[in-house]
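One structure is given here, and the rest of the page talks about it.
Index from 1, following the sequence. Counting starts at 1 for both ligands and their atoms, following the listed order. Computed from a predicted model, the values in this text were never measured in an experiment. Because only heavy atoms are used, hydrogens play no part in the values below, and waters and symmetry mates are left out as well, while side chains stay in.
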Amino acid sequence: MIQHPSVSLLRRQFARFVSLKVKGKSSSSRKWLERQSSDPFTKEAHAKALKSRAAFKLLQIHEKFNIFRPGQNVVDLGFAPGAWSQVAADKVTSRGNILGIDILACEPPKGVSSMQANILSKTTHEMIKTHFYQLNMDKDLRKLQEIEPIADGPSYFQAEVDDNLEISNKQKQQFPVDVVMSDMCEPFFQSSGFGSAITNKPFHRMANTTGMAFKDHLLSIDLCDAALILAIDILKVNGTFLCKFFQGKEDKLLEARLKKCFKVVQRYKPPASRKESKENYFICFQKLPNLDKIQVFS
Ligand SMILES: C[S@@+](CC[C@H](N)C(=O)[O-])C[C@H]1O[C@@H](n2cnc3c(N)ncnc32)[C@H](O)[C@@H]1O
């Protein structure tokens, strides 16, 4: 007969397993594990079934700046494991749409669409545009069907297609995105594979920070620039952009670029961001019209 160990025995075994795991780690990962297990935001994230403590950073940013509204379309760059997307999905409600992009394979939270893709690839930008273009088409199709329910004859469908051709040209100039947000961080330098939007070896250039402040800073500025290029292309006039960056001497230049694109640019480090971390956030409001990327980046 199979003997089931008691719950308390299982608990003791689990505690021993965790402590062995911690003992076997390098001192930095041990510190990280210990800090995580005693961190109040990590505990609360578990209790609220949020994917990570990062949710609280976005919640605090939202509390201060009122970023989201029901019905908005949001792009979440570097969405995995999905805590920011969870927050955004809750705020924009089922009337809105969230698209998460991450170089890592990750199942998105409920109500969120996602793509595994590298934001440093031009193809990814095109795929994001296509997603929202398609979304708008679907919405307009639904509107058309509401006004004019499908009748017996085939002519209705023909008219619908013609109408959409006209709408699509307008849509190409203005995508319906209200918020582009980026929590991306990338430690390793990408030296090849820019042509590929999707990579099967994301861990080669992904993970947490390198611990080398200057390198982390420069890499984070690259990712912010990629996010800004996307925002210039797809964000509505008056739309909102927010990005995480690691502080360093180049962040002033990034700030200057942001100021060419948005009426209001603020730096904000939410209380949930650890004091010892160099991470910080730019929150930008009211995207300006007719932006020229060459001018922004020169
Ligand atoms: C700090 S995590 C994001 C956490 C997320 N905001 C959340 O709340 O769960 C940073 C993410 O950026 C992603 N990332 C880094 N570089 C990227 C790139 N070039 N393209 C797409 N995603 C990238 C990483 O895979 C990682 O999942």
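For Asp76, no nitrogen or oxygen atom sits less than 3.5 Å from a nitrogen or oxygen atom of ligand 1, counting backbone and side chain alike. Of the polar atoms of Ala54, none of the N or O atoms is found under 3.5 Å from an N or O of ligand 1, judged by distance alone. The distance criterion of under 3.5 Å between nitrogen or oxygen atoms is met by Asp183 with respect to ligand 1. Considering backbone and side-chain N/O atoms, Ala55 never comes within less than 3.5 Å of an N/O atom of ligand 1. In terms of polar-atom proximity, defined here as any N/O pair under 3.5 Å, Ala80 does make such a contact with ligand 1. At least one N or O atom of Ile103, backbone or side chain, sits closer than 3.5 Å to an N or O atom of ligand 1. Below 3.5 Å of separation, one finds no N or O of Leu223 facing any N or O of ligand 1.
Ligand 1 places these atoms under 4.0 Å from at least one heavy atom of Leu104: 25 (O). Close contacts between ligand 1 and Asn118 involve ligand atoms 18 (C), 19 (N), 20 (N) [criterion: under 4.0 Å to a heavy atom]. Below 4.0 Å from some heavy atom of Phe79 lie the following atoms of ligand 1, by number and element: 5 (C), 7 (C), 9 (O). Of all atoms in ligand 1, numbered sequentially from 1 with element shown, those under 4.0 Å from a heavy atom of Ala83 are 7 (C), 8 (O), 9 (O). Of all the atoms in ligand 1, the ones that sit under 4.0 Å from a non-hydrogen atom of Gly82 are 7 (C), 9 (O).
Within a 6.0 Å radius of NZ in Lys278, other residues, nucleotides and ligands contribute 12 heavy atoms or fewer.
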When you look at Phe245 and Tyr281, which way does the ring-ring contact (aromatic ring centres under 6.0 Å, His included) test go after all the steps? CA-CA 6 Å; Phe245 65 100; Tyr281 295 81; 7.8 Å; no
Walk me through whether Thr124 and Asn118 qualify under side chain to side chain donor-acceptor pair (under 3.5 Å). CA-CA 6 Å; Thr124 304; Asn118 182 357; over 6 Å; no
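Residue pairs that meet the side-chain hydrogen bond (donor to acceptor under 3.5 Å, both in side chains) test with at least one member in residues 285-298, sequence neighbours left out, are Asp233-Lys293.
The minimum heavy-atom distance linking Cys224 with Cys243 is given by the pair SG-SG, 3.7 Å. Closest heavy-atom contact between Pro81 and Lys51: O-CD, 3.5 Å.
Using a 4.0 Å cut-off between heavy atoms, Ala117 contacts ligand 1 through its backbone alone, with no side-chain atom that close. The side chain of Lys244, and not its backbone, has at least one atom closer than 4.0 Å to an atom of ligand 1 (non-hydrogen atoms only; side chain from C-beta on).
Residues Val179 and Gln72 are in side-chain contact: their nearest non-hydrogen atoms beyond the backbone lie under 4.5 Å apart.
Between Phe285 and Phe65, the angle of the ring planes lies from 30° to 60°, which puts this pair in the tilted group.
For the salt bridge (charged side-chain N to carboxylate O under 4.0 Å, His left out) with Glu279, the qualifying choice from Arg274, Lys244, Arg267 is Lys244, the only one to do so.
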